[in-house]
Enquirer: 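Below you will find the structure I want to go over with you.
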Amino acid sequence: MREVIEFRYKRALYELVKKTEDDDDVEGYRFPDAYDQEGCIDQKKRFDVAKERYCERRRSGRVVTEQEAWEDHQAQKARVRFGAKDKKQVVDGYEFVFDDLTGFVEESSEAETGKHRGCYSKTAAEKAREGREFLPIHGYREELLKLIEENQVLVIVGETGSGKTTQIPQYLQEAGYTKRGKIGCTQPRRVAAMSVASRVAQEVGVKLGHEVGYSIRFEDCTSEKTVIKYMTDGMLLRELLIEPKLDSYSVIIIDEAHERTLSTDILFALVKDVAKVRPDLRLIISSATLEAKKFSEYFDSARIYLIPGRRYPVEKLFRKCPEPDYLETVIRTVVQIHQTEAIGDILVFLTGQEEIETVETNLKRRMMDLGTKGSEIIICPIYSNLPTPLQAKVFEPAPKGTRKVVLATNIAETSLTIDGVKYVIDPGYCKINSYNPRTGMESLLVTPISKASAAQRAGRSGRTGPGKCFRLYNIKDLEPTTIPEIQRANLASVVLTLKSLGIQDVFNFDFMDPPPENALLKALELLYALGALDEIGEITKVGERMVEFPVDPMLSKMIVGSEKYKCSKEIITIAAMLSVGNSVFYRPKNQQVFADKARMDFYEDTENVGDHIALLRVYNSWKEENYSTQWCCEKFIQSKSMKRARDIRDQLLGLLNKIGVELTSNPNDLDAIKKAILAGFFPHSAKLQKNGSYRRVKEPQTVYVHPNSGLFGASPSKWLVYHELVLTTKEYMRHTTEMKPEWLIEIAPHYYKLKDIEDTRPKKTQRRIEEASTSKVDTNKKTRTSKVDTNKKSKR
DNA sequence: GAGCACTGC
């Protein structure tokens with residue numbers, strides 16, 4: 001009950017600030033009598049003090065104290081629904097000069113300690129059910145239901161800890177919405193969908209998979225009884241392909257919409273459309289404060305409703321001038337916190353594995369230099385490519401008298417939470433992947449984070465108690481939000497999905513943030529070349545088959561094309577291995593020589609084994625070893641990635657069956673396998689130049705074999721097909737395999753002409769074309785026979 | 001002689 005009372009206090013503060021917004025009688029506003037009767041005596045007193053201070057400040061406009069700032073902050077958060085203007089940031093302090101925290105204990109921390117008192121004798125389910133009324137959202141139940149009844153689309157700003165994800169579907173079910181259809185709630189991540197569903201099943205008191213269930217890739221935990229269904233956003237998108245009007249649903253909740261994943265962005269437009277033809281369908285878009293207004297505008301000025309959350313205060317400190325060497329600043333800050341601050345773990349956000357390893361070694365050295373004075377620190381690195389057993393260390397509590405320092409990538413921003421973190425060090429950078437449609441190249445760039453990310457990172461320190469966040473930058477220099485994925489991704493797959501849904505004009509599709517036009521154009525061109533679309537841009541039979549496979553269109557074309565070469569069994573293995581996000585080869589810093597040797601074993605025996613065939617061999621060897629984890633360790637293979645490959649392969653196998661492609665195997669005919677690869681990847685061809693580099697056959701550009709390829713440093717093959725291009729220090733082809741140029745004509749006669757693969761051309765003409773088409777003439781000083789594509793216009 | 005941030009179907 002205590003928290004409900006606390007909540008009254010916050011609510012009253014919020015009303016007070018609202019009066020300021022509306023220019024109402026602020027001074028005349030009193031703590032509501034109704035609350036008073038509920039036993040909020042203490043809260044009333046505190047409210048009066050807070051109000052007095054607030055009014056005084058309004059009159060004088062003087063600088064505020066931290067306590068006031070915190071209250072302001074709380075109240076400010078509540079203002080979003082009135083379209084908060086830019087208000088001066090008052091929380092940030094200066095440099096690393098700390099005031100002590102006496103008198104800055106957030107009210108909810110006292111409440112927290114007594115939260116479950118007296119509940120120990122009850123069952124987990126009973127406890128779960130009782131806990132419901134302690135959630136901040138509880139006080140809004142009726143108002144919320146009324147709004148949902150009256151508005152077809154509602155944008156909900158539910159802050160962290162408000163309980164919206166677990167409660168809203170239950171309220172809707174209790175209000176009878178499930179009589180008309182299911183309640184679907186999407187999440188951007190699999191783990192979230194699973195854990196939230198399990199939590200709700202417990203609260204409702206049913207078995208998971210019965211009335212409450214979840215649906216994620218590789219795992220459908222629902223039944224005919226299921227009325228509350230949690231799922232990943234990509235899963236709902238797949239369902240839309242089968243059920244375009246979402247007839248079996250009465251409510252769709254898009255949770256964490258502010259994350260703007262590729263799938264949510266497409267879902268927005270699709271559900272908006274469905275809502276027009278289905279007036280009975282209710283849409284709830286749940287977002288963070290920053291983007292709420294934008295969502296509301298997109299959904300034709302939908303109502304915004306705010307549900308305050310419950311969080312601990314986080315004190316934020318920042319540096320006025322960013323240091324050039326921020327890794328050194330990180331180390332100094334860790335040491336400073338360790339020596340001057342109270343017990344509590346430190347979380348550091350870094351951009352990648354390399355930075356993490358550097359900081360780890362340097363920090364260890366620094367601690368050695370400092371000698372034995374002070375307590376010990378335990379360094380825990382965490383990033384997604386770190387093998388699972390090593391990741392586990394992060395979740396173990398630090399032994400008594402020591403402090404844990406977690407060095408993490410962005411993985412700790414949303415994907416996983418680490419308990420016990422009290423301090424966050426945020427240098428303000430992350431790696432962002434962006435795709436250049438002109439060159440067809442991906443690049444991973446270190447970029448400043450957005451304000452939204454900064455807030456999220458800071459919040460990681462206030463999960464279990466008040467926290468502190470040390471920002472090595474000035475928040476004012478940041479952009480408000482990150483560029484949505486749809487504006488920096490390869491859209492081939494998106495466009496194919498839209499076409500399959502019958503959307504003809506992708507240029508005028510109702511994107512919330514439209515992707516660049518040439519990105520759409522490139523996607524259309526590629527799909528046409530692959531035969532997935534016809535001349536007028538309509539989806540073909542081949543395209544329909546390709547959509548079935550949840551992989552990139554070039555991969556799905558490769559799978560569909562494998563039928564002809566009688567090697568579908570090998571091809572789905574290769575496709576699965578290529579679809580695994582992370583590299584399957586593990587290369588720890590101190591054992592690189594061994595790791596490289598183990599990897600090269602997969603290229604032995606036969607000549608011209610490319611990276612694709614090597615991946616096939618890795619998978620088959622693993623299978624022969626009965627999918628052994630032990631084997632993975634010996635061969636420096638990531639067993640996590642292998643298991644994922646197996647899941648994907650199983651799924652592809654099922655789909656192959658579904659579209660009626662026979663499962664055929666031709667393990668010894670490497671040429672057949674290579675031809676099948678080319679059936680999907682023919683646009684990715686490259687030819688050797690004299691200096692050892694390669695040149696793309698279409699869209700001339702110099703590219704290189706990736707250093708992690710088995711072909712790197714080997715005697716070069718004249719013609720290659722590659723899986724993808726990445727821009728790091730150079731333009732690299734990742735995963736390459738040798739091929740024969742005549743296959744290009746054989747497999748893609750509509751794309752390649754004989755002159756594309758000939759290399760006997762008059763030298764003069766050749767040179768003229770080259771000089772006209774590239775500004776970097778010096779790189780091919782001596783290359784005179786290399787092929788330049790004259791088919792396409794050269795770039796200006 | 002250099003590198004794989006993070007998700008999802």
Side-chain angles (χ1 to χ4, degrees), chain A residues 186-193 215-220 231-242 256 259-267 349-357 382-386 408-416 429-434 442-447 449 453 456 482 484-486 488-489 493-494 496-497 500 546-553 555-556 575-576 578-589 592 595-596 638 641 644 647-648 651-652 655 692 704-709 712-713 723-724 726-732 734-735:
Chain A
T186 72
Q187 295 292 321
R189 275 168 296 278
R190 297 161 48 92
V191 192
S215 172
I216 56 179
R217 188 183 185 181
F218 311 130
E219 215 182 323
D220 184 6
M231 60 189 125
T232 44
D233 44 16
M235 209 64 204
L236 185 62
L237 201 55
R238 282 271 142 191
E239 282 192 17
L240 263 159
L241 286 171
I242 304 157
E256 313 284 353
E259 287 195 27
R260 304 291 305 275
T261 68
L262 210 51
S263 303
T264 31
D265 263 28
I266 301 160
L267 278 177
F349 283 100
L350 297 166
T351 62
Q353 180 176 353
E354 200 186 341
E355 270 188 18
I356 290 175
E357 281 166 356
I382 180 122
Y383 44 90
S384 85
N385 220 7
L386 190 75
T409 58
N410 243 5
I411 195 170
E413 195 178 297
T414 46
S415 304
L416 54 88
Y429 293 99
C430 69
K431 279 188 187 172
I432 284 201
N433 194 359
S434 54
E442 284 183 345
S443 51
L444 213 46
L445 289 175
V446 174
T447 322
I449 58 168
S453 286
Q456 179 71 25
T482 316
E485 200 183 350
I486 199 154
R488 47 186 174 84
S493 178
V494 169
L496 188 62
T497 309
S500 164
M546 283 164 61
V547 189
E548 292 288 333
F549 298 93
V551 291
D552 185 82
L555 282 172
S556 58
L578 289 169
S579 302
V580 175
N582 295 323
S583 168
V584 292
F585 297 108
Y586 180 52
R587 208 163 171 261
K589 219 178 182 181
Q592 286 179 356
D596 289 345
Q638 294 264 17
S641 304
R644 194 174 150 74
D647 285 339
I648 298 173
Q651 190 187 26
L652 297 177
L655 293 167
Y704 301 85
V705 173
H706 197 282
N708 281 0
S709 165
F712 185 84
H723 178 238
E724 59 184 355
V726 287
L727 177 68
T728 49
T729 48
K730 269 181 181 173
E731 294 84 356
Y732 285 114
R734 205 146 60 186
H735 298 123

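Chain letters run A, B, ... following the sequence lines, proteins first, then strands; residues in each count from 1.
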Enquirer: Which value, rounded to the nearest 0.5 Å, describes the distance between Leu267(A) atom CG and Glu239(A) atom CD?
Expert: 10.5 Å
Enquirer: Between dG1(B), dG8(B), dC9(B), which nucleotide has the shortest distance from any of its atoms to the side chain of Phe712(A)?
Expert: dG1(B)
Enquirer: Kindly compute the distance separating CD1 (Ile432(A)) from OG (Ser453(A)), expressed to the nearest 0.5 Å.
Expert: 7.5 Å
Enquirer: How long is the line joining CD1 of Ile266(A) and P of dT7(B), in whole Å?
Expert: 19 Å
Enquirer: May I ask you to say what Thr261(A) touches in the nucleic acid, namely base, sugar-phosphate or nothing, with a heavy-atom cut-off under 4.0 Å?
Expert: nothing
Enquirer: Just to be sure I understand the rule, does Ile411(A) reach a base, reach only the sugar-phosphate, or reach nothing, if contact means heavy atoms closer than 4.0 Å?
Expert: sugar-phosphate
Enquirer: Looking only at side-chain atoms of Ser415(A), point me to the closest of dC9(B), dT7(B), dC4(B).
Expert: dT7(B)
Enquirer: Could you tell me whether Glu442(A) and Arg488(A) make a salt bridge, using a distance below 4.0 angstrom between a side-chain N and a carboxylate O?
Expert: no
Enquirer: From CG of Asp233(A) over to P of dC6(B), roughly how many Å is that when rounded to an integer?
Expert: 18 Å
Enquirer: Starting at the 5' end of DNA chain B, which residue's closest nucleotide do you reach first, Ser263(A) or Asn433(A)?
Expert: Asn433(A)
Enquirer: Across the strands shown, which category fits Gln353(A) at heavy-atom distances under 4.0 angstrom: base, sugar-phosphate, nothing?
Expert: sugar-phosphate
Enquirer: Over how many whole Å does the gap from Gln592(A) atom CD to dC4(B) atom P extend?
Expert: 14 Å
Enquirer: Arg238(A) side chain: which of dA2(B), dC9(B), dT7(B) is closest?
Expert: dC9(B)
Enquirer: For Phe712(A) and His706(A), work out which heavy atoms get closest and say how close.
Expert: CB-O, 3.4 Å
Enquirer: Do Phe218(A) and Arg190(A) have side-chain heavy atoms sitting under 4.5 Å apart?
Expert: yes
Enquirer: Between Thr409(A) and Asp552(A), which is nearer to the 5' end of DNA chain B once each is assigned its nearest nucleotide?
Expert: Thr409(A)
Enquirer: Please give, in whole Å, the distance from dC6(B) P to Arg644(A) CZ?
Expert: 13 Å
Enquirer: Ignoring backbone atoms, establish whether Ser384(A) has a side-chain N or O less than 4.0 Å from OP1 or OP2 of dC6(B).
Expert: yes
Enquirer: With a 4.0 Å cutoff (strictly under), does any side-chain N or O of His706(A) reach OP1 or OP2 of dC4(B)?
Expert: yes
Enquirer: Which of these nucleotides, dC4(B), dC6(B), dC9(B), is closest to any side-chain atom of Asn385(A)?
Expert: dC4(B)
Enquirer: Under 4.0 angstrom, heavy atoms only, what part of the nucleic acid is Tyr383(A) near: base, sugar-phosphate, or nothing?
Expert: sugar-phosphate
Enquirer: Quick check on dC9(B): is either OP1 or OP2 less than 4.0 Å from any side-chain nitrogen or oxygen of Thr232(A)?
Expert: yes
Enquirer: Round to the nearest Å and state the distance from Arg488(A) atom CZ to dC6(B) atom P.
Expert: 14 Å
Enquirer: With a non-hydrogen cut-off below 4.0 angstrom, is Arg217(A) in contact with a base, only sugar-phosphate, or nothing?
Expert: base
Enquirer: Find the distance Leu555(A):CG to dC9(B):P and express it as a whole number of Å.
Expert: 17 Å
Enquirer: Taking CD1 from Ile216(A) and P from dC9(B), how many angstroms apart are they, rounded to a whole number?
Expert: 7 Å
Enquirer: About how many Å separate CD of Gln187(A) and CE of Met231(A), when rounded to the nearest 0.5 Å?
Expert: 10.5 Å
Enquirer: Could you state the atom-to-atom distance from CZ of Arg189(A) to C1' of dC9(B) in whole Å?
Expert: 16 Å
Enquirer: OP1, OP2 of dC9(B) versus side-chain N and O of Arg190(A): anything below 4.0 Å?
Expert: yes
Enquirer: Among dC4(B), dC9(B), dG8(B), which is the nearest nucleotide to the side chain of Pro550(A)?
Expert: dC9(B)
Enquirer: Looking at every strand, decide which applies to Leu262(A) at a 4.0 Å heavy-atom threshold: base, sugar-phosphate, or nothing.
Expert: nothing
